[in-house]
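What follows is a set of notes on a single structure, which appears directly below.
Chain identifiers are assigned alphabetically (A, B, ...) following the order of the sequence lines, protein sequences preceding nucleic acid strands; residue numbering begins at 1 within each chain.
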There are 2 protein chains.
Amino acid sequence: MQPRKRITKVESIPLPAVRRLSLYLRQLESFADQNRKMVSSRQLGEVLGLSDAQVRKDLAYFGQFGHSGIGYRVAELIQRVRSILGTDRMSSVLLVGAGNLGRALVAFRGFQKRGFELVAVVDKDPQKVGQVADGPNRLKIHPASDMPALVRRYTIRVGILAVPASAAQQVAEEMVAAGIRAVLNFAPVALKVPPNVSVASVDLAIHLEQLSFELISANQAEG
Amino acid sequence: MQPRKRITKVESIPLPAVRRLSLYLRQLESFADQNRKMVSSRQLGEVLGLSDAQVRKDLAYFGQFGHSGIGYRVAELIQRVRSILGTDRMSSVLLVGAGNLGRALVAFRGFQKRGFELVAVVDKDPQKVGQVADGPNRLKIHPASDMPALVRRYTIRVGILAVPASAAQQVAEEMVAAGIRAVLNFAPVALKVPPNVSVASVDLAIHLEQLSFELISANQAEG
DNA sequence: CTATGTGAACAGCTTCACAGCG
DNA sequence: CGCTGTGAAGCTGTTCACATAG
């Protein structure tokens, strides 16, 4: 009964294309900061290490944003891409876990500029609850049991999971139960979540291992 | 003159396969902790959300590690994968930048277990130099100018770049000049490095944007 | 003449399905 | 039998090359 393809004109956008959209946005914003008005697919691709065809095709999946013979208007394209990614409006974000990493994330100023606002911090440890986690706006640390109320009050859909690996799966389930629909996971475990919840994982050890492998390959290549 | 293919049996390993190798290793270690002795490709794939065929093919790119009718011996496979990734021996790692993120990384205990040892920290800020950055082993913060000497002394090839975006490109070049061959980059910029240097980037905003996009797609899908 | 948008060709990755081995 | 390892098939993503628009 399940139709194989969407009826709407989605036409299967490659997942890598969506990832690159974020890269384009970042570079476009950098161009805008330098007062650059126009950019061609070739120029945009060059700084990011991609082919011009790749850039054009990626953007074309989402609409016709370019101008023949001219290229893309930087400001216009920024608006379009932000709207596609849903970062043209601010999203509220909840941070779970106020350890070393958690506090570094609170202090991180990069979220705000890109459409995400950290509105609440929770931690299980009663010693930490009530403390102030500093950052762009000072945030009090709430007990984990407040999660459902916080999610409702601020209509939060995105949560950052920064707790030890041993607690991650259980905390993730609590987050989902509280209404979180997307989780940025820093714990080195494969989270099991319902299919209507998205997870993105950041795993430092894995990145280091990839680099290690590349080093070995490079060494072997040169003999 | 350059032969198109390696003479050895490399036969072009898919990049995604290498990335998954790290996932396999993590899961295998978790199995080992639970005293699990054997595992089949189906079981390993299941917990990671991959097909059994995928797991078998990935592992087969690197050799014949399985046993017909039985599966894979956990301990044996861990050794093999570590050796492939080059994490069967400890690698020395240099951290550049002792801000909030840098200090969180120093405190992070996950590196040690996976074959990476943070052996030195440097920072440009004279105020920070000389301070002790705590962590598994207490490390003094060195001035940036010490980088070449530190890299030589500890034979460091891997560096972690945790400085503000505005300084990242220049600092990356200093790292490369000092002898670093692989960079784990936390600054939200596309680093330009020589072809013999590897870069892996961790960009929180990009992950959040991906999640945001998935949320939008999910909403549209259900109407 | 320049640079986009896009079908068509190509390459790369994943899944299938089964021979072969313990 | 059960499970691996692997050609072959199938699918997804990228590159090519050109018609089209300003």
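With a 6.0 Å radius and a threshold of 12 heavy atoms from other residues, nucleotides or ligands, B:Glu46 has its CD atom at or below the threshold. Remark: B:Lys113 NZ is loosely packed, at most 12 non-hydrogen atoms of other residues, nucleotides or ligands lying under 6.0 Å away.
In this structure, B:His67 places its NE2 atom 16 Å from C1' of C:dG20, rounding to the nearest Å. B:Ile70 has its CD1 atom 10 Å from the P atom of D:dT4, to the nearest Å. To the nearest angstrom, C1' of C:dT6 lies 14 Å from CG of A:Asp52. The nearest whole Å value for the distance from the CZ atom in B:Phe65 to the P atom in D:dT6 is 11 Å. The separation between A:Tyr61 atom OH and C:dG7 atom P is 11 Å, rounded to whole Å. Spacing between atom CG of A:Leu59 and atom P of C:dA3 amounts to 16 Å, rounded to whole angstrom units. One interatomic measurement links the two molecules: CD1 of A:Ile13 to C1' of D:dG13, which rounds to 13 Å at whole-angstrom precision. Atoms CG (A:Leu77) and P (C:dT4) sit 11 Å apart, rounded to a whole Å.
Every pair passing side chain to side chain donor-acceptor pair (under 3.5 Å) that includes a residue from residues 156-181 of chain A is listed here, sequence neighbours excluded: A:Gln169-A:Glu173, A:Gln170-A:Glu174.
Within 4.0 Å (heavy atoms only), B:Gly69 reaches at least one base atom of the nucleic acid.
For D:dA21, neither phosphate oxygen OP1 nor OP2 lies less than 4.0 angstrom from any side-chain nitrogen or oxygen of A:Gln64. One finds a side-chain N or O of A:Tyr72 lying less than 4.0 angstrom from the OP1 or OP2 phosphate oxygen of C:dG5.
In the model, B:Ser41 has no side-chain atom that pairs as donor or acceptor with a side-chain atom of B:Asp52 under 3.5 Å.
Only B:Pro14, B:Leu15, B:Pro16, B:Arg20, listed by number, bring a heavy atom of residues 14-24 of chain B to less than 4.0 angstrom from any atom of DNA chain C. Of the residues in residues 31-45 of chain A, not one comes within less than 4.0 Å of DNA chain D through any heavy atom.
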Side chains of residues 68-89 of chain B: which donor-acceptor pairs under 3.5 Å do they make with residues two or more places apart or in other chains?
from: B:Glu76; atom 1: OE1; to: B:His67; atom 2: NE2; distance (Å): 3.0
from: B:Arg82; atom 1: NE; to: B:Glu29; atom 2: OE2; distance (Å): 3.3
from: B:Arg82; atom 1: NH2; to: B:Glu29; atom 2: OE2; distance (Å): 2.7

Query - Protein-to-nucleotide contact annotation, 5' to 3' order, nucleotides 15-20 of chain D [B base; S sugar-phosphate only; - none; under 4.0 Å, heavy atom] - result: B-B---
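Rounded to 10°, the helix from C:dC1-D:dG22 to C:dG22-D:dC1 has 10° between the axis fitted to its first five pairs and the one fitted to its last five.
Of the inter-residue distances, the one linking A:Ser212 atom OG with B:Phe116 atom CZ reads 4.5 Å to the nearest 0.5 angstrom.
A donor-acceptor pair under 3.5 Å links the side-chain atoms of B:Gln43 to the main chain of B:Ser40, judged by distance alone.
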